[in-house]
Amino acid sequence: MLKQVQHDEKSRHPELVSGSQKDEKMAINVKEEYNKIKDLIKTNGKLSPKDRNAIPQMEMPARDPKKRAREMDEVALGFSAEQAVVEANRCLQCAKPFCMEGCPVNIDIPGFIKQIAEEDFKGAVDTIKKTSLLPAICGRVCPQEKQCQGKCTVGKVYKDAEKAVSIGRLERFVADWERENNKVTPPTIAAKTGKKVAIIGAGPAGLTVAADCARAGHEVTVFEAFHKAGGVMMYGIPEFRLPKKIVQEEISNLEKIGVKFELNFLVGRTNTLEQLLTEKGFDAAFVGTGAGLPKFLNIPGENFIGVFSANEYLTRANLMKGYDKEHSATPIYEAKHVVVCGAGNVAMDAARMALRLGAETVDVVYRRTRNEMPARREEIAHAEEEGINFRFLENPIEVLGNEEGKVCGVRCLSYELGEPDASGRRSPVAIEGSEHDVPCDAMIVALGNGSNPLLVATTPGLDADAKGHITVDENQATSKTKVWAGGDIVLGAATVILAMGEGRKAAAAINEYLAK
């Protein structure tokens, strides 16, 4: 089995065969480590903790930065089979798996990693799928270093979550292996109950609820405002981080178990939530509409032509394939010098997308330092490799425009970090008289998103807080009977796996309610 997978990996990623000297050296080292592990197990019957700690962390192969910066192909190439086995053997198989405490859906992490170490890849992905619907997606985009890997004992030994066992990359490997080897098996579906469940929003939370409710035998319909299902996985996360065919295949798997999708259906306009529950006869509903209302700086000049929210910019490029000028009618604003405001993962996505849409220079402006950047370390490193410039300790105070009403620059202030507060956090303080102009012909604002107020405004009895987040109890039940909610519409802008975790709780509560 391992030999065949190696062949598939090399066919899929020719860089692993004929790439740089670094790639070739890496391949040799992986082979040596793999054989060393097998010899130790053959000699001693198992690996000792000392043996495991001596295993080097596997490096994820990636495409050449200069080439990939102008292409939409996925940047990270994934582990080879041998890399996955070697990395899995770094796991100490702790008696108390702290890593599971950091997982929002409580995946049996030591269990699936042990199966990878034993080269039982199908068993590993089946273990993950007991609690996680989207391993190929979560393995790519979830911030494992702040969740499961943040609690990994190996990472604590090195005092760095980035050096923990690469749980996310192993999750991705087995999910890809299953898909590429046609090993995907459908879940068991209970007998039909005759009950109907409406899912509002086809993002990660909604898809999770759809799967769990369909498995319980209910008739499930997902209502999605866009023309494609997938939510932020389709419109927000770029192709070069998350190939859309992977999301589409997960949606196709849901259709195979009977889930229906109603696209171009805006609940609150096409029909209200109340109409779905009464006129359409749904017995329960889940609201997972996400956080799609962009935030702006509220500074002079933000209405000039060439200022975009990251939400719009990425939606045009991702969901509407604006980058594909040959086949897409979606217009893309041509810009040679782009300034991106923000320092989270969305800011990194927007900056890197700008390069791929033709920008010659991309500056990321952030009023703190690299140490405070909320983006994943890997995403920051990839952005730097591709040529993104970082302007730290700066913040825009005005957008400058020309006589045509188009952006021609951004006026910024310089900052310094003040004294630490009780939590150790140092707030940025503007330096008086430090105004300076940064020339550009487009600006992207990536400061997060709020909640769209439409659903709450059109649904009497559905309560939300001051920020527009729907309020729920410990089982994700809302103030309105028969309605549950979860994901970003409850949490604010969060992560795919956190949304899935809320979806699992909501689905369990819905299934219990419908069983009465």
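Worth knowing before you read on, the calculation uses all heavy atoms, side chains too, and leaves out hydrogens, waters and symmetry mates.
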Inter-residue atom distance Met234.CE - Met320.CE, 0.5 Å rounding: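 Met234 atom CE to Met320 atom CE measures 12.5 Å (nearest 0.5 Å).
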Backbone N/O of [Y] and side chain of [X]: donor-acceptor pair under 3.5 Å:
| X | Y | value |
| --- | --- | --- |
| Thr315 | Asn311 | yes |
| Asn452 | Leu293 | no |
| His436 | Ser434 | yes |
| Arg68 | Glu386 | no |

Salt bridge flag under 4.0 Å for residues Arg352 and Glu379: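 Salt bridge flag = yes for Glu379 with Arg352.
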Ionic contact status for Arg140 with Asp176, cut-off 4.0 Å: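 So Asp176 pairs with Arg140 through a salt bridge.
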More than 12 heavy atoms from other groups under 6.0 Å of CG on Asn303: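 Not buried by this count: 12 neighbours or fewer within 6.0 Å.
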More than 12 heavy atoms of other groups within 6.0 Å of Arg425 CZ: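 Incorrect, the count does not exceed 12.
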Taking side-chain hydrogen bond (donor to acceptor under 3.5 Å, both in side chains) as the test, write out the residues that go with [X], two or more places apart.
| X | answer |
| --- | --- |
| Glu384 | Arg370 |
| Lys151 | none |
| Glu416 | none |

Contact check, side chains of Asn395 and Pro428, non-hydrogen atoms, under 4.5 Å: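 Asn395 vs Pro428: side chains apart.
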Thr369 vs Glu372, side-chain hydrogen bond (donor to acceptor under 3.5 Å, both in side chains): CA-CA, chis, key distance, verdict: CA-CA 6 Å; Thr369 72; Glu372 288 79 36; 2.3 Å; yes
Can you see whether [X] engages [Y] through a side-chain donor-acceptor pair at a distance of less than 3.5 angstrom?
| X | Y | answer |
| --- | --- | --- |
| Ser309 | Glu312 | no |
| Ser414 | Glu394 | no |
| Gln144 | Arg376 | yes |
| His469 | Asp488 | no |

Cationic tip of Arg356 above Phe240 ring, under 6.0 Å, 45° of axis: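 Yes, Arg356 and Phe240 form such a contact.
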Geometric cation-pi criterion, Lys156 with Phe98: 6.0 Å, 45°: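 The answer is yes; both the distance and angle limits are met.
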